[in-house]
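Data block below; observations after.
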Amino acid sequence: MDFYYQLFLYLSIFYISLYLLFLVFRQKSSAPNLPPGKKGWPIIGESLDFVGAAKSGCPEKFINDRTAKYSPEVFRTSLLGEDMAVFCSASGNKFLFSGQDKYITTWWPSSMKKVIVFPETMEKFNKDDPKKMRSFLPEFLKPEALQHYIPIMDSMTREHLESDWSPYKEVKVFPLTKNYTFALACRLFMNIKDPQVVSKFADPFARIAPGLTSVPINIPGTPFNKAVEGGKVIRQELLNIIRQRKKEISEGKDAKSRDLLSRLLTEADDDGSVYYEMDVSNKIIGLLIASHDTTSTSITVIVNYLASLPHIYEKVYEEQMEIAKSKAPGELLNWDDIQKMKYSWNVTCESMRLTPPAQGAFREAITDFTFAGYTIPKGWKTFWTVYTTHKNPKYFPDPEKFDPSRFEGNGPTPFTYVPFGGGPRMCPGKEYARLEILIFIHNLVTKFKLEKVIPDEKIIYNPSPVPANGLLIRLRPLN
Ligand code: HEM
């Protein structure tokens with residue numbers, strides 16, 4: 001009897017084990033084939049590695065380590081408290097850029113929203129703001145409108161160089177270009193000319209950028225906390241300006257400035273509703289952030305290359321002098337002059353390839369989808385980044401070499417050079433940035449020869465690239 005009892009017991013255990021194994025196997029075989037990679041620590045995920053690589057001056061290390069270990073197409077990680085798939089190749093960029101509203105949608109890290117947006121408008125901002133903003137912006141950023149900005153940009157650049165550069169033998173480029181691009185944006189978007197009003201914004205703005213993609217822990221002293229506090233000051237200042245402008249509009253006094261602010265306050269959007277003060281403020285802050293940090297970084301990085309590479313400076317100088325000589329004394333630049341600045345633009349592009357001002361952008365999966373054989377589940381976030389292709393020798397041979405000729409003829413292979421992104425969400429300010437940068441280069445090289453005070457000044461990423469000491473430059477006036 002004992003024998004039969006034991007046999008029965010062993011057989012039961014054997015069959016139950018088999019059944020459990022079957023269940024596990026079945027569950028595994030139906031689980032999605034997630035991209036390879038790891039989630040890292042609870043909550044912070046791999047954010048510290050990501051930020052650490054950037055701070056050490058090599059943001060591409062975070063990507064390269066993982067593409068080498070996991071997959072050259074896509075890997076999983078966890079950043080900003082979210083499950084995230086990082087797309088890593090030209091085909092990955094193409095796939096994401098063409099997936100808007102099909103399998104992915106806009107997504108802003110909560111850190112960004114909490115800094116920029118009035119809490120009362122959060123829900124609305126999430127859902128449809130980016131689309132509405134995009135439908136509105138072309139009016140301001142299309143070439144016809146931008147042509148009118150050229151004389152303003154040119155005269156403001158001249159004034160800026162005259163007052164903030166010319167009196168000095170040495171300058172710190174980054175803070176100066178930040179002031180300049182910010183003042184220009186305030187002038188063009190809101191018709192603000194008073195330097196006192198501009199400077200009220202400038203300080204809190206400087207605190208915003210480092211906190212935008214930080215871990216959203218609001219404890220005094222953290223980058224996120226500084227950004228949130230900066231955001232509050234800016235929103236209040238903007239509300240004052242908006243209310244003042246509304247008053248002027250109601251009294252019929254705003255005829256002088258049909259700028260972005262007036263248009264936002266008076267024109268109905270797609271669905272016929274007028275924007276509220278807070279929505280307008282959200283939009284202006286978003287635009288100021290998108291426009292001024294990127295362009296000031298670009299200009300600083302270009303000045304760095306011009307001062308480090310005399311043969312490049314010489315060719316840019318020749319091109320710009322040719323244009324300068326064709327002008328009457330005091331005559332401002334125009335659209336045709338900008339079209340002649342081909343070599344200077346190639347230099348700008350090469351500079352943005354090697355040291356891109358913006359890292360990339362996030363999206364959210366709105367459905368499960370498959371890429372390169374891996375499933376990205378609905379709700380996951382995705383990230384495309386310039387660091388996967390810009391320095392990849394497959395796309396850019398001898399990638400560390402500064403070579404503007406890469407942009408001659410047809411230029412780089414599609415979806416490999418993406419400082420402004422691509423597809424329907426591509427940066428709408430690309431042309432504005434092109435004008436601002438080229439006009440600055442024109443005025444700079446026709447006025448000064450440049451020499452670096454610290455020849456090997458390191459670039460740090462915060463998250464945009466900036467020279468560690470703000471780029472100290474010795475100026476040699478040309479006339
Ligand atoms: C060198 C300068 C600039 C660079 C490198 C740059 C880069 C970028 C990148 C990478 C994106 C994200 C695209 C994506 O989501 O896939 C973006 C978005 C955006 N940029 Fe720029 N940008 C620059 C200048 C500007 C300027 C001057 C403006 C405005 C005048 C501007 C306005 C915007 C706006 C509004 C968005 C959001 C678009 C959307 O959500 O659909 N940017 N930019």
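Heads up: numbering here begins at 1 and tracks the sequence. Note that the structure is predicted; figures quoted are calculated from it, not measured. In listed order, ligands and their atoms are each counted from 1.
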Backbone or side chain, does any N or O of [X] fall under 3.5 Å from an N or O of ligand 1?
{"X": "Arg425", "answer": "yes"}
{"X": "Trp384", "answer": "yes"}
{"X": "Ser291", "answer": "no"}

Looking at [Y] and [X], is any side-chain nitrogen of the basic one under 4.0 Å from a carboxylate oxygen of the acidic one?
{"X": "Asp259", "Y": "Arg187", "value": "no"}
{"X": "Glu229", "Y": "Arg207", "value": "no"}
{"X": "Lys315", "Y": "Glu318", "value": "no"}
{"X": "Lys340", "Y": "Glu319", "value": "no"}

- Backbone, side chain, both or neither: what part of Ala361 comes under 4.0 angstrom of ligand 1, heavy atoms only? side chain

- Is it the side chain, the backbone, both or neither of Arg434 that has a heavy atom closer than 4.0 Å to ligand 1?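 The answer is neither; Arg434 stays 4.0 Å or more away.
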
For ligand 1, which atoms have a heavy atom of [X] less than 4.0 angstrom away?
{"X": "Leu287", "value": "35 (C)"}
{"X": "Pro419", "value": "5 (C), 7 (C), 10 (C)"}
{"X": "Phe189", "value": "30 (C)"}
{"X": "Ser298", "value": "1 (C)"}
{"X": "Pro357", "value": "5 (C)"}

- Item | Options Gly286, Ser464, Cys427, ranked by nearest heavy atom to atom 20 (N) of ligand 1, top entry |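 The option holding the nearest heavy atom is Cys427.
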
- Nearest candidate to atom 32 (C) of ligand 1, where distance is taken over non-hydrogen atoms, out of Gly423, Ala290, Gly422, Ala433: Ala290

- Task: Just do the salt bridge (Lys or Arg N to Asp or Glu O under 4.0 Å) check on Lys452 and Glu457 with the steps written out, would you?
- Result: CA-CA 9 Å; Lys452 283 178 78 169; Glu457 191 174 342; 5.8 Å; no

- Query: Within less than 4.0 angstrom of ligand 1, does Gln359 place any heavy atom?
  - Reply: no

- 4.0 Å heavy-atom contact, Phe362 with ligand 1: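 No, Phe362 has no heavy atom closer than 4.0 Å to ligand 1.
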
Does the plane of the ring in [X] sit parallel, tilted or perpendicular to the ring in [Y]? Use 30° and 60° as the thresholds.
{"X": "Tyr103", "Y": "Phe95", "value": "parallel"}
{"X": "Phe383", "Y": "Phe362", "value": "parallel"}
{"X": "Phe407", "Y": "Tyr417", "value": "perpendicular"}

- Query: Any chance NZ of Lys447 has more than 12 other-residue heavy atoms, nucleotides or ligands included, within less than 6.0 Å?
  - Reply: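 Counting other residues, nucleotides and ligands, NZ of Lys447 exceeds 12 neighbours.
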
